[in-house]
Amino acid sequence: MQKVKPYLLLILVMMIWGFNVPLIKILVTAFEPVTITAFRIFTASLVVFLILWKMGKVHWPAIYHWKFILGGGLFNVFFHHLFLGLGAAGTSAVHTGIILGLGPILTALMAVLIFRRGISVIRVLGFITGTAGVLVTVLGGGAGLSGFVIGDLYIFLSISAQAFSFILVSRAARDMDPLLLTGYMQLFGSFGLLIASFFMEPAGLSSLRNVNMMMVVVFILSAVGATAIGHLVYNNTITKIGPAEAAIFLNLNTFFSIVGSAVILGEPIYYYHWLGLLLIVPGVLMGSGALEELIRKRRRTANHAAK
């Protein structure tokens, strides 16, 4: 039973994250995207610190931790959410969810490029398959290049920035609590987003006057439920089952984002969306290294049982 619980939690988090995509679409459509994103991330950081304070885990970081906090805040929060907000405002929630599904593949690819690690045939096939899935999604429907919108590019830049940040976060997590790191990254990243909004969206604060009760509910569900609690649960659960298994569950995030976009926003889902998803899922399994790691675990278990 103890082994089942982390998996159930991951499925719940993937569902929350998937349905958060159409919620973000609603927010960035009703308000200026960068401004509302800054307030959403800032609110999430306050919730994270409140939870960590209750757990007795809040403290001032060591000096050598700040390079990871600021670097992670820049890529994991500022660039990631800046492009996510701009992209979600310029493309469909279905496209957003599918392109975000490339996260594990891009993370693995950057790890190969940065650390100059060897790359297997399986991973190369994964990169190719996942890329094909995204191309099918954004260029599908017979529209070709004319079907591509700038919002799709912003979403790709968003997930690329986050993928790079995971390299920094994985290094920092060796000697710093990843939950506390999450809180500080979100806090300082939200400050950067707010400053950027003053230059990019002079009327950003005035757009918040359009708020109503429904928007408040959507904002709370996105900021508190998905961004704050969702990340805390995911970061805590991944330490129990390992990154290989977690990469498999990330595919559910893409699936739920497609379902949520249809249910919440009424966006149409075409055959090429499902085809793109069917290409990205195995692409993530192969390209992220999850498939290879699972095969190695099976072999170790079999060899241990044979002894």
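Counting begins at 1 with the first residue of the sequence.
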Give a yes or no on whether [X] and [Y] share a hydrophobic cluster (residues Ile, Leu, Val, Met, Phe, Trp, Tyr; joining criterion: side-chain heavy atoms under 4.5 Å apart).
X      : Y      : answer
Phe199 : Leu194 : no
Leu208 : Val216 : yes
Leu180 : Ile63  : no
Leu52  : Phe68  : no
Ile36  : Val218 : yes

Please indicate whether Trp66 has more than 12 foreign heavy atoms, meaning atoms of other residues, nucleotides or ligands, lying under 6.0 Å from its CH2.
->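 Atom CH2 in Trp66 is crowded, with more than 12 foreign heavy atoms closer than 6.0 Å.
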Using every non-hydrogen atom in the two residues, find where [X] and [Y] come nearest and quote the distance to one decimal.
X      : Y      : answer
Thr35  : Gly204 : OG1-CA, 3.3 Å
Val77  : Gly189 : CG1-CA, 3.5 Å
Leu279 : Gly133 : CB-CA, 3.6 Å
Leu265 : Ala93  : CD1-CB, 3.7 Å
Ile264 : Pro22  : CD1-CG, 3.8 Å
Ser257 : Ser261 : O-OG, 2.6 Å

Indicate yes or no: at least one non-hydrogen side-chain atom of [X] is less than 4.5 angstrom from one of [Y].
X      : Y      : result
His81  : Gln162 : no
Ile69  : Phe188 : yes
Met200 : Leu86  : yes
Ile155 : Phe83  : no
Leu50  : Leu46  : no
Phe156 : Leu106 : yes

Do Tyr184 and Phe49 have ring centres separated by under 6.0 Å?
-> yes
Please work out which of the three classes, parallel, tilted or perpendicular, describes the rings of Trp274 and Phe255, given edges at 30° and 60°.
->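 Tilted: the ring planes of Phe255 and Trp274 meet at 30° to 60°.
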Test side-chain contact (heavy atoms from CB on, under 4.5 Å) applied to Leu187 and Phe42, step by step = CA-CA 6 Å; Leu187 180 62; Phe42 177 70; 3.8 Å; yes
Looking just at side-chain N and O atoms, do His80 and Ser158 make a donor-acceptor pair shorter than 3.5 Å?
->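 The answer is yes; a qualifying pair exists.
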